[in-house]
Amino acid sequence: GQSSDGGSGDTIELTIAQNSIAGGKNAAAADYITNWVIPKFEAAEKAKGKTVKVKFVPSGVDDEQYKTKLSLDLKSGKGADVFDLDGIWAGEFAEAGYLKPLSDVVGADADNWDGWAQIPQSVQGLATYNGRKYALPVGTDGRVLYFNKTLFQKAGLPADWQPKSWQEILDAGDKLKAAGVPVPIQINAGTAMGEATTMQGVLPLLAGAGGQLQQDGKWTGASQPLKDALGFYEKIYGGSGLGDPKLQQEAKGRDKSFQQFAGNEIGILLESDYLWRGVLNPETGVAKMADRDQSVGYALIPAEEPGKGINGQDFVSMSGGALRAVNPNSAHPKEAFELAAFTLSPDGLKEETKNGNVRITPRTDVNKEILSAEPLLTYISDKVVPLTAFRPPVAAYTQVSVALQEATAEVVSGKTPDQAAADYQAKLEGIVGGAGNVAS
Amino acid sequence: MSAIELRGLTKVYPGGVKALDSLDLAIPDGEFFALLGPSGCGKTTLLRTIAGLETATGGAVVIGDRDVTGLQPGARDIAMVFQDYALFPHMNVTDNIAYPLRIKKVGKAARQQKAAEVGARLGLEQLMDRRPGQLSGGQQQRVALARVMATQAQAFLFDEPLSNLDARLRLEARTFLKKLQHELGVTTVFVTHDQAEALAMADRMAVMESGHIRQIGTPAEVFQRPANTFVAGFIGSTPMNLLDGVVRGDTLEVSGCKLAVPQSAEGLLHDGEKIVYGVRPEYNVYSAGPVDGSLGGNVSIVENLGASYLVTLDVNGVLVQAVVPEGHEPLIGDEGYALPRRDRALIYRDGELVPA
Amino acid sequence: MSAIELRGLTKVYPGGVKALDSLDLAIPDGEFFALLGPSGCGKTTLLRTIAGLETATGGAVVIGDRDVTGLQPGARDIAMVFQDYALFPHMNVTDNIAYPLRIKKVGKAARQQKAAEVGARLGLEQLMDRRPGQLSGGQQQRVALARVMATQAQAFLFDEPLSNLDARLRLEARTFLKKLQHELGVTTVFVTHDQAEALAMADRMAVMESGHIRQIGTPAEVFQRPANTFVAGFIGSTPMNLLDGVVRGDTLEVSGCKLAVPQSAEGLLHDGEKIVYGVRPEYNVYSAGPVDGSLGGNVSIVENLGASYLVTLDVNGVLVQAVVPEGHEPLIGDEGYALPRRDRALIYRDGELVPA
Amino acid sequence: MAQATLPPEVLDDAKARRYSADAAGLGRLRAGAFVAPALALISLFLVFPALWVLYLGLSNYRLTGAAAAAPQSVGFDNFVKALTDPEFWNSTWLTFEFVLGSAVIGQVVLGFLLAWIMRDRTGPLKRIVEGLVILAWILPSAVVSFLWVALLDRDDGTLNTLLHSQDFAPLLDHPMLSIIVFNTWRGAAFSMMLYGAALGNVPPSHLESARLAGASGWQQLRDVVFPHIRGHVLTNLLLISLWTFNDFTPFLLTAGGPDGKTEVLAVHVYQVALQGGELGYGAAVSTVILLINLVVAVFYLRLLRSKK
Amino acid sequence: MTRFVLHRIGFYVLIAVLLAFFTVPLLWLASAPFTSDPTYQVRLPDFTSENFRAILDNPYALGSLWNSVVLAAGTAVLVVVFAALAAYALSRVRLPGRDALLYTLLLLSSIITGTAAMVPLFQLAVELHLIDSQLGLILIMTGGLLPAAIFMMKDFMDSTPKSYEESARVFGASPLQIVRHVVVPLVRPGLATIAVWAVANVWGNFLMPYLLLSDVEKQPAAVIMYTLYTEGGQANIKLLATFGLLYSVPVVLMYLFVSKKYGFRFHGGIKR
Ligand SMILES: Nc1ncnc2c1ncn2[C@@H]1O[C@H](COP(=O)(O)OP(=O)(O)OP(=O)(O)O)[C@@H](O)[C@H]1O
Ligand SMILES: Nc1ncnc2c1ncn2[C@@H]1O[C@H](COP(=O)(O)OP(=O)(O)OP(=O)(O)O)[C@@H](O)[C@H]1O
Ligand SMILES: [Mg+2]
Ligand SMILES: [Mg+2]
């Protein structure tokens, strides 16, 4: 951020940081920044008569560690001029003063950015805290139920399966089980899976039961929707044989669930679009599935019963997404914002998503074009994003999330949903500062 | 109490060092036997092989009338005192002495009584509660002896038990030890590299060199008639003069002097043959004036031996030593003559005593 | 080469042990001076205080005519050989010998030449590239000497340099060392606890006891007329007989026997007073039959000393030793008589020699 | 080597005790100068931050959120919170199991066993055994954790392959035992080396006198070896207990799971401070760990001094 | 005799069990990097070099190994030099409160390796302008390792005979000369042991290098190892196994070198 201090009078030096690195984690994103954004942006600025030098600061670590490093940097007035962060961190960063409203940092340019018009409200919400925009959304995602068509066929289930209620999922699971599928249903649970349990497990279920983590400034405790969600876990892991309780405890359980899904051992799996893009991808996935396009089906996550989901929905999902922020300490906030915006320009996004690196960008105009060849992402963009929900972007969320994971773990290891919900409420009160902030 | 017999005992260390080379030795019951030899000659190895701490490569060890070659050390019924005494530093004197009994599962009261008894015999009554670290060297040595005595073993093995003591204590200890062995009558093998110790204490002794025994005999035999130049050079508080000479008729020519043929070799030498003439400094009679048949030269060193002096003469470039009683010692540079006693001088041919 | 003088030297260790107690000593230039005494009497401390390795608690150390009391060891211009030689195990012989020169910033070529020279003088030519671990004890000792010689110091300090050698090597080494010192003429202080070594090597010697000097003199003086019973008991390869006695007119009654008053004490004793009668075994003339004025008893131990025997008589419960020439040794249990030489026997009153 | 009248250890020992004073003539001042660079680095990069941690423990400092911008002193609230938190006690208990199992029993016993059976051996066998043991010690933990996941994996794990067993999941069914065995494997080298040196200092003649008296192997250990190496045992215990107490590597294997069954204190602090962002509370827990370490150290030192 | 035979058999069985215990976990590292599609299963490798090519394509892999070498060597050198000097002085001169100081430092050093200390250390580095500086990181890690190093080193120093130093001193050597000429050569195995210990510690350290070095060009292998995961945190076993092997080789080589050259020796026991 302060790097410009040392630069010669008219050269503006900018840095951009992401949790991505060439040859490692999110390599494609890193390549995009270094090979396209930086040269193009410098050229564009040159054309405007400004000499700008951009440096990319790569990283390739756990999100927690990236967050720690980012926080420490920002706290001490350092850090890159432009940096990425998980949308869920917006609130806590804002409260800590690590992030400031864009219009305060950059000025009117921020509000006048032409991209806003292309970004759906729900996605804009990711970057919004207390009604003000703190960053640019980088994209979004969504969760669906994947299923293995080969196994479904064996079990006599349709290839265009779309359950309407939780019971239908369980019924399908029974049939799969009867057909000898080792793991009929995998819904992430337990602490070992970490946030995957929350986002690909308990939160979609909670939403499906009509519950929300936080409502009107109060946290939801041992409410009926939570008990229902935990009850669903019990039906899968509590001796029915529909799920594999041990897998939920393994430190590398999620990896293994991917391997097993790719290896035709799991019938139904609740996951995000990342499974399709990054895991099963026949070319670049970590658990490649050569016949992904033929044998993997997907369906919306149903509410517990039709109309019982949040806002009376029949189907639900959860979404997250990254943000690209301008460092409040930046010496050149305007140029930094320009850089951030440049990375999210239509041309840029198209460039970034070339060569199979397709993801759901924040811009509808771009999505239309790039997703056309990707049925799943189109499906998510069209069908899921409109009905999806987001996590509360507040500091306490991380701990609440852990408490939720622990609640599912308790159910998997044999406690009743009521008991687990009560334990959750007790922990919640500890986290959010007393029973006054909790509604049950 | 039993005799010890070694038959063709051989010990080769891993690495190829042949420390004992087919060695035969018989030590009768009750004898105090000293093993003497330069460093590295195999004394310790011999002792340790008897004890079973090293396994013999070949040959047999017989104690009493048991062949113990294959037995564990603990089963051989022998006791050993190590050079450093090997007292356990964390046990007091009583416990140290009683340790072998504890291993033999003797009851606590019984073994403490035995320890007290043996300790008293060695004058340790006042020290029974101390730890080894609080004892002087001589006291430690007595504790080590007491521990050995408490075992009532068939034989005692001592590996240089006195060499850690200072010179004065050593003298006392050797008198003490000798007396004790005499009283107990236990067969004892005593290793030392101090020839004075061996001479003073042993009933019989053996001189070893690189895994072989070079001479066995009583101290007087070994001192007066060393069987070969090796033993001759090794035994004696001052080394024997070993001078190269040639037989010239009935006389000998030794470094330019004419000497008489010693009594023991009379008639056994051939004219012109090369021999080594050996005479101990104690048997060289010194005089300030020329004497027939003596070795004459200039005094180069005079060392005080207490009641006598060791005078080194430079006889035509060869050093010859003689012991001179006090009051008669010369000054450095004086002329002097050493007359060997014919009854004590010896002749070595090819390193072996004549007659063998 | 300089004289060494100690004035009222006191050393108190932290913890309160007074190792040297206001000690005065003057060692003239070029003298070979031996320090003798039992373990713990302060010999090492004295040497180390001279060297500056310990700081004196009181008094002064003067070397040549410099008061060096406050100087660092390196500035005192002395050289010291430690008991364990302290050869640097990671350097070869050349580097070890040249080390003092390296410290003095002598160039590499010059110091290697000097090392070669000194090494040659001590017969180390073949060994210059070896490490200390590859040398025998005697060779190590010579390297330590060479290193000290290379320094060309004013004085040499030796702390029991021979006690790590085996008995045979020790004899050779002491002759060698004595000769070397004689040639170099460097003032030398030599610490030992072996009285034979001190007698044989020293020009003069001091006997210490717990931080005090008990006697200073030539070896002959100290051996023949020990100034007190402590020295008398300490010096001599066999300890002096020290017998309690009472003056009865012109004779002495010692353990039931009537003895003549020694020449040296004639006319100095009072009737009835209690004295200690001292006579060395070497000065006890032994005979098998009764002799007037002798100590008679039964032989309890006979020890071989080589060309003579040490016979211990039990005289009415008191042990008396005499040296008997070979061929005359009695058997254990025989009756025997020891007649002290009047010119060599001594009288001690309250532990001090009469006349002082 | 030529004859030494005194066995070297006797000589060394006596010398060391008697002339422990300033052999090189360093003097306090120069000794100070020698210690200074180390002390400077330690003060700056260890003592100062460590005190800072103690201070942080008294605040509600967080990585993010409002408390990051303006941390407030909360007195001993964090400590009260820790001491009333069952998870903390759970972690403490697990840590004791972990330290006791893997350090005090595992590493010490295995390390001693290795040193003992290798004590008078030379040649390739010794080199191979020692090399492998030390390899386990020096490999980076990131790599080592993979090795053990591969070993203990429920489906394809080498252990399952070797045992021809199905679905044997040590990390899930016996998580604590797994990390104890793991840490024993990982750390035995240090104890082995230390005991190797210690055993070298046991005078052979003492062992042999015991053998001559007929003592069995166990009796020799009890009566001769242990009394001799007590000091080494305690140094070793102190160091490896401290290290194991603060060892974070189990996290790489089990991530504290399943269900917190392996959430030892070091992992607990990691989760509290890094994943939960509660730096103040994390610092307080660290302080408590420090105090526990202190108690352990004092306990060992007492033990060392007691029978002297 | 039969007892003896049984004894032998027992001994070799025990050795075999121990060897297996220490070898079996290592098998994966020997096979996975050479297998085309490695999983957690140990399989007979098909000896592909593709994985190595893949890791060499990583722009940071080799550089990070070099950085690790720099950091480890730098830290080891500082730790050894400073610990040796300090341990020597502490061993030879009774400074007041020496033992208490050592134990306190040893205890405090355990806190510094934990997560809780990262904030103070980071802030300190910021204030001292040591962020993004390998030297700064080396200094910080040295500070953390020094107490234990001094503690162990002091045992080595305590057990070297003092007469060597006294002898050098009589010849007029200065204290530093004594340390250089005499003490260091004598305790070399100890120095080697401490050096290996320090290297192994630095080699595996992830958190501090990651926090204090932003510039990826300066980051060590421990950090780069973490980048070989995917967006969702999935291990790229292929790369990880291969890099893990490369990452292990230098420490192993260093150990072999040191153990051959100096041998390992430990001293222990708190002497008073
Ligand atoms: N454990 C061993 N391994 C290999 N060689 C050995 C071993 N012990 C002794 N030796 C060698 O065997 C020979 C005899 O050694 P031993 O210890 O018996 O001699 P020694 O006569 O007792 O000598 P010293 O007087 O020095 O005690 C020597 O050459 C020695 O180096
Ligand atoms: N560093 C020390 N601290 C305390 N006391 C000491 C120290 N060094 C020696 N002493 C004590 O000072 C006295 C004299 O010791 P010193 O070493 O000078 O005796 P020594 O005559 O050389 O004995 P030895 O013949 O055993 O070498 C002894 O009582 C000894 O215990
Ligand atoms: Mg021996
Ligand atoms: Mg001394």
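Here is the naming used below: chain letters follow the sequence lines, and residue numbers restart at 1 for every chain.
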Quick one: what part of E:Phe11 sits under 4.5 Å from any heavy atom of chain D, side chain, backbone, both or neither? side chain
Counting heavy-atom pairs under 4.5 Å to chain D, which of E:Leu124, E:Leu19, E:Thr104, E:Ile237 comes out on top? E:Leu124
Hey, could you give me the CZ/CG distance between D:Phe146 and E:Leu240, rounded to the nearest 0.5 Å? 4.0 Å
Can you tell which part of D:Leu279 gets under 4.5 Å to a heavy atom of chain E, answering side chain, backbone, both or neither? side chain
Under 4.5 Å from any heavy atom of chain E, what part of D:Leu110 do you find: side chain, backbone, both or neither? side chain
Given that the side chain runs from C-beta out, which part of D:Leu152 has a heavy atom under 4.5 Å from chain E: side chain, backbone, both or neither? neither
Going through the distances and angles, do E:Tyr255 and D:Ile134 end up as a side chain to side chain contact (heavy atoms under 4.5 Å, CB included)? CA-CA 9 Å; E:Tyr255 161 71; D:Ile134 291 176; 3.4 Å; yes
Contact origin within E:Leu256 toward chain D - heavy atom pairs under 4.5 Å: neither
Side chain, backbone, both or neither: which part of D:Leu159 has an atom under 4.5 Å from a heavy atom of chain E? neither
Is a side-chain N or O of D:Trp185 found less than 3.5 angstrom from the main chain of E:Phe21, in a donor-acceptor match? yes
Distance (rounded to the nearest 0.5 Å) between E:Leu78 CG and D:Leu41 CG: 7.0 Å
Checking heavy atoms, do the side chain of D:Ala188, its backbone, both or neither come under 4.5 Å from chain E? side chain
Count the heavy-atom pairs under 4.5 Å between each of E:Ala117, E:Pro147, E:Pro120, E:Ala86 and chain D, then report the option with the highest count. E:Pro120
Using non-hydrogen atoms only, which part of D:Leu113 is less than 4.5 Å away from chain E: side chain, backbone, both, or neither? side chain
Let me know if D:Asp153 has heavy atoms under 4.5 Å from chain E in its side chain, its backbone, both or neither. side chain
Quick one: which of E:Ala89, E:Gly204, E:Gly144, E:Ala222 has the most heavy-atom pairs under 4.5 Å with chain D, could you say? E:Ala89
Tell me, for E:Val252 versus chain D, whether the close heavy atoms (under 4.5 Å) come from the side chain, the backbone, both or neither. both
Which atoms of D:Phe245 are under 4.5 Å from chain E, going by heavy atoms: the side chain, the backbone, both sets, or neither? neither
Under 4.5 Å from any heavy atom of chain E - which part of D:Ile117: both
Check each atom of D:Tyr270 against the heavy atoms of chain E and say whether the ones under 4.5 Å are side chain, backbone, both or neither. both
With sequence neighbours excluded, tell me which residues meet side chain to side chain contact (heavy atoms under 4.5 Å, CB included) with E:Val179. D:Phe34, E:Leu85, E:Tyr88, E:Val184
Quick check on D:Leu44 against chain E: is it the side chain, the backbone, both or neither that has a heavy atom closer than 4.5 Å? both
Under 4.5 Å to a heavy atom of chain E? For D:Val181 that would be both
When the 4.5 angstrom heavy-atom criterion is applied to E:Leu106 and chain D, the contacting part is both
With a 4.5 angstrom heavy-atom cut-off, which part of E:Ala148 approaches chain D: side chain, backbone, both or neither? side chain
Where does D:Leu147 contact chain E at under 4.5 Å (heavy atoms): side chain, backbone, both or neither? both
Run the side chain to side chain contact (heavy atoms under 4.5 Å, CB included) test on E:Met118 and D:Leu274 for me, step by step, so that the C-alpha distance in whole Å, both residues' side-chain angles and the decisive distance to 0.1 Å come before the verdict. CA-CA 10 Å; E:Met118 68 187 180; D:Leu274 219 144; 4.1 Å; yes
Heavy-atom contact with chain D under 4.5 Å, split by part of E:Leu18: side chain
If you tally heavy-atom pairs under 4.5 Å between each of E:Leu128, E:Val251, E:Asn205, E:Ile140 and chain D, the highest tally belongs to E:Ile140
Need one label for D:Tyr61: side chain, backbone, both or neither, based on atoms under 4.5 Å from any heavy atom in chain E. side chain
Check each atom of E:Met141 against the heavy atoms of chain D and say whether the ones under 4.5 Å are side chain, backbone, both or neither. neither
E:Tyr226 versus chain D, the contacting section by heavy-atom distance below 4.5 Å: side chain
